[in-house]
Amino acid sequence: MKRSRTFLPILKETPAEAKIVSHQLMLRAGLIRQTSSGIYAWLPLGLRVLKRIEQIVREEMNRAGAIEMLMPTIQSADLWRESGRYDDYGKEMLRITDRHDRDLLYGPTNEEMITDIFKGFVKSYKDLPKNLYHIQWKFRDEIRPRFGVMRGREFLMKDAYSFDLDEAGARASYNRMFLAYLNAFARMGLKAVPMRADTGPIGGDLSHEFIILAETGESAVFCHADLVDMPPPGLDLDFDADLQLLVDQRTALYAATDEMHDEAEFAHIPADKQLSARGIEVGHIFYFGEKYSKAMNAAVVGPDGAERFVHMGSYGVGISRLLGGIIEASHDDNGIIWPQSVAPFDVGLMGLNIDKPGVAEACEDLYAKLQAAGLEVFFDDTGERPGSKFATCDLIGLPWRVVVGPKGLDKGVVELKCRKTGEVEELTPEAALKKLIQTRATI
RNA sequence: CGGGAUGUAGCGCAGCCUGGUAGCGCACUUGUCUGGGGGACAAGGGGUCGUAGGUUCGAAUCCUGCCAUCCCGACCA
């Protein structure tokens, strides 16, 4: 993508309303634009990142055996009256009336709808287990939206719903999601710690929040320090195997959010391993048994011919929130530092003194070759001064930067800089191309 | 919803107290010089001062209502 052709509204100054660094950088780097309190337009650069995060989550869901579908944002109030949540959910739910005066709502979550769809088709234990998910916009009319996309009212969420014949099956489904989440977050360069969590209004008796540690996190969290650096299960995990042991390894050590915190238990951790910090919740998984299947009569016939309610779980990932979370975890004074797996572009290419002989040609040549190799390239082909181009490239956080200038060209080299380490190398254009192709292959 | 604050050009702000031609920096346009870390100079363009009333000869400025946005708290992917 050439900068001259895209839409990248960079801000030099920090908008006054943004208080935390991720929000400030998202506005400054032209990722989002607020349109109402807690509601954002996704600008081209932000959308690219959103799509990449979404795709990682999608791939890890699919790998774990979940099936993608898409449910609407608008739901009928009747469904929610069936589960009893229409009155329970309170003002957080945005209620709408259509032209026939029918009560509708903008979905804050989809348990009712998926249960309704499921029960219409699945009647036998032979069709179980099933895990259905979608990635769709949600609306929750938060009392106080804040921190940009971290607590917006409209947000993109992946929500998965599992259906099993019994509790043992449901726990196996739960375990698959538990481990798939760890893989997904790791692919985004995040260290997410699963923590025992309150089940909240959804109900049930088994729940974990996935927390990334950040000073600006909304909740206080307490855990054993070893959990932070525990490696993810890995993409070669066999999701058909019994995963209980792997889950147990990751739940044996103490980890809890403040509402579940037990000071006495925490005190048993060796003092040098007691980690008390703040965290951002990026995922939340629940097992809630028959809560919805009973209320909405979602039953299947078992092998013995007897009908029984299915056991369900739900599994959410805040896709749009993850942008904020990743930036909180990965930035410096100059701007965002995207992990390459979610970066809007793999590499920023710029020509200095672009009207000097050979510079524009060398840029175009490299631009074409990088793209032909499958890399996403942000080519700053504008007449901006060098300092301005450098600052922009740092701000938007592209993992690699290639600088083509007349001085280097005289020596037959271009400059390759790593955003994260700051390391600079002078390479021939061919060698730079080769190295960049390698980095793309390893993510 | 309780407490606190703010609305003046795309962004950041001054002006308001003490009413009298709406200003500064960045950004934008044009030109010249520049050209490896957010350039310099010159000349320009852009604002019903959130909104509706009120007071006044006269309101960005004083008063009242409303709206919007933000901060602290309780709630949440």
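The basis for the numbers below is simple: all heavy atoms, side chains too, and nothing from hydrogens, waters or symmetry mates. Letters A, B, ... are given to chains in the order of the sequence lines, protein chains preceding strands, and every chain is numbered from 1.
Taking a pair to require two hydrogen-bonding distances under 3.5 Å in either a Watson-Crick or a G-U wobble arrangement, G58(B) remains unpaired. G73(B) is paired with C1(B) under the Watson-Crick or G-U wobble criterion, all donor-acceptor distances under 3.5 Å. Under the Watson-Crick or G-U wobble criterion, with both distances below 3.5 Å, C11(B) is paired with G25(B). In this structure U51(B) sits in a base pair with G65(B), meeting the Watson-Crick or G-U test at under 3.5 Å. Remark: G35(B) base-pairs with no nucleotide in the shown strands. Criterion, Watson-Crick or G-U wobble with two distances under 3.5 Å. Across all strands shown, G19(B) forms no Watson-Crick or G-U wobble pair with both key distances under 3.5 Å. Pairing for A42(B) is with U30(B), a Watson-Crick or G-U wobble pair whose two hydrogen-bonding atom distances lie under 3.5 Å.
Using a 4.0 Å heavy-atom distance criterion, Q34(A) is classed as a sugar-phosphate-only contact. Among the heavy atoms of the strands, none lies under 4.0 Å from K138(A). The residue G335(A) sits apart from the nucleic acid: no heavy atom pair falls under 4.0 Å.
Not a single side chain to side chain donor-acceptor pair (under 3.5 Å) links Q249(A) to another residue, sequence neighbours left out.
When the C1' atom is compared between G37(B) and A74(B), the two are found 46 Å apart, to the nearest whole Å. Annotation: G25(B) and G73(B) have their C1' atoms spaced 37 Å apart (nearest Å). Taking atom C1' in both C13(B) and C49(B), the straight-line distance is 14 Å, to the nearest Å. The separation of C67(B) from U30(B), taken at their C1' atoms, amounts to 41 Å, rounded to a whole angstrom. G4(B) and A77(B): their C1' atoms are spaced 29 Å apart (whole Å). One C1' atom belongs to G23(B), the other to G39(B), and the distance between them is 25 Å to the nearest Å. Between G19(B) and U56(B), the distance separating the two C1' atoms is 9 Å to the nearest Å. When the C1' atom is compared between U55(B) and C1(B), the two are found 35 Å apart, to the nearest whole Å.
Counting to the nearest Å, the C1' atom of G38(B) and the CG atom of L25(A) are 15 Å from each other. To the nearest angstrom, P of A77(B) lies 15 Å from NE2 of H208(A). Atom-to-atom, CZ of F147(A) to C1' of A77(B) comes out at 15 Å; the value is rounded to the nearest Å. Taking atom CD1 of I10(A) as the reference point, atom P of C28(B) lies 12 Å away to the nearest angstrom. To the nearest angstrom, C1' of A77(B) lies 13 Å from CE of M188(A). Between R153(A) atom CZ and C75(B) atom C1' the separation is 15 Å, expressed in whole Å. In this structure, I53(A) places its CD1 atom 19 Å from P of A77(B), rounding to the nearest Å. In this structure, I135(A) atom CD1 and A77(B) atom P are separated by 18 Å, rounded to whole Å.
Closest approach of I280(A) to A214(A), counting heavy atoms only: CD1-CB, 3.6 Å. When all heavy atoms are compared, the tightest approach of A18(A) to Q24(A) is O-NE2, 3.1 Å. Between V359(A) and G405(A), the shortest heavy-atom distance links the atoms CG2-C, 4.2 Å.
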For nucleotides 33-37 of chain B, which of its nitrogen or oxygen atoms have a protein nitrogen or oxygen under 3.5 Å away, and what is each distance?
| residue | atom | partner | partner atom | Å |
| --- | --- | --- | --- | --- |
| U34(B) | O2 | R385(A) | NH1 | 2.5 |
| G35(B) | O2' | N353(A) | OD1 | 2.9 |
| G35(B) | O2' | N353(A) | ND2 | 2.6 |
| G35(B) | N2 | G383(A) | O | 3.3 |
| G36(B) | N2 | E415(A) | OE1 | 2.0 |
| G36(B) | N2 | E415(A) | OE2 | 3.2 |
| G37(B) | O6 | R401(A) | NH1 | 2.7 |
| G37(B) | O6 | R401(A) | NH2 | 3.1 |
| G37(B) | O6 | K417(A) | NZ | 3.0 |
| G37(B) | N1 | D394(A) | OD2 | 2.9 |
| G37(B) | N2 | D394(A) | OD2 | 2.4 |

Distances for protein N/O vs nucleotides 2-11 of chain B N/O pairs under 3.5 angstrom?
| residue | atom | partner | partner atom | Å |
| --- | --- | --- | --- | --- |
| C11(B) | O2 | E13(A) | OE1 | 3.3 |

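Closest to the side chain of T392(A), out of U69(B), C72(B), G38(B), is G38(B). When the nucleotides A77(B), C70(B), C75(B) are ranked by their closest atom to the side chain of E218(A), C75(B) comes out on top.
Map E259(A) and A18(A) each onto its nearest nucleotide of RNA chain B; the residue landing nearer the 5' end is A18(A). With RNA chain B read from its 5' end, the first of the two nearest nucleotides for G316(A) and G38(A) is the one closest to G38(A).
In terms of phosphate contacts, T109(A) brings no side-chain nitrogen or oxygen within less than 4.0 Å of OP1 or OP2 of A77(B). An OP1 or OP2 oxygen of A27(B) is reached within less than 4.0 angstrom by a side-chain nitrogen or oxygen of K12(A).
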Side chains of residues 62-75 of chain A: which donor-acceptor pairs under 3.5 Å do they make with residues two or more places apart or in other chains?
| residue | atom | partner | partner atom | Å |
| --- | --- | --- | --- | --- |
| N62(A) | OD1 | Y133(A) | OH | 2.7 |
| N62(A) | ND2 | R58(A) | O | 3.4 |
| R63(A) | NE | E60(A) | OE1 | 2.9 |
| R63(A) | NE | E60(A) | OE2 | 3.4 |
| R63(A) | NH2 | E60(A) | OE2 | 2.9 |
| E68(A) | OE1 | R58(A) | NE | 2.8 |
| E68(A) | OE2 | R58(A) | NE | 3.2 |
| E68(A) | OE2 | R58(A) | NH2 | 3.1 |
| Q75(A) | OE1 | W80(A) | NE1 | 2.7 |
| Q75(A) | NE2 | T109(A) | O | 3.0 |

Cut-off 3.5 Å, no hydrogens considered: what does the side-chain donor-acceptor table look like for residues 406-413 of chain A, sequence neighbours left out?
| residue | atom | partner | partner atom | Å |
| --- | --- | --- | --- | --- |
| K411(A) | NZ | E426(A) | OE1 | 3.2 |

List the atom pairs, donor and acceptor, that lie under 3.5 Å between side-chain atoms in residues 218-228 of chain A and the rest of the protein, sequence neighbours left out.
| residue | atom | partner | partner atom | Å |
| --- | --- | --- | --- | --- |
| E218(A) | OE1 | R151(A) | NE | 3.1 |
| E218(A) | OE1 | R151(A) | NH2 | 3.4 |
| E218(A) | OE2 | R151(A) | NE | 3.4 |
| H224(A) | ND1 | D226(A) | N | 3.1 |
| D226(A) | OD1 | K273(A) | NZ | 2.7 |

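Residues K435(A) and E423(A) are not paired through a salt bridge, judged by the lack of any N-O separation under 4.0 Å between the basic side chain and the carboxylate.
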### Task
Let me see the working for I20(A) and M150(A) under side chain to side chain contact (heavy atoms under 4.5 Å, CB included), right down to the final yes or no.
CA-CA 10 Å; I20(A) 64 169; M150(A) 301 260 272; 4.2 Å; yes
### Query
What's the verdict on salt bridge (charged side-chain N to carboxylate O under 4.0 Å, His left out) for R401(A) and E415(A), showing C-alpha distance, side-chain angles and the deciding distance?
CA-CA 8 Å; R401(A) 185 184 82 191; E415(A) 177 190 295; 3.1 Å; yes
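Taking CZ of R419(A) as the reference point, atom CG of D332(A) lies at 4.0 Å (rounded to 0.5 Å).
You'll find the side chain of E281(A) stays beyond 4.5 Å of the side chain of T257(A), heavy atoms only.
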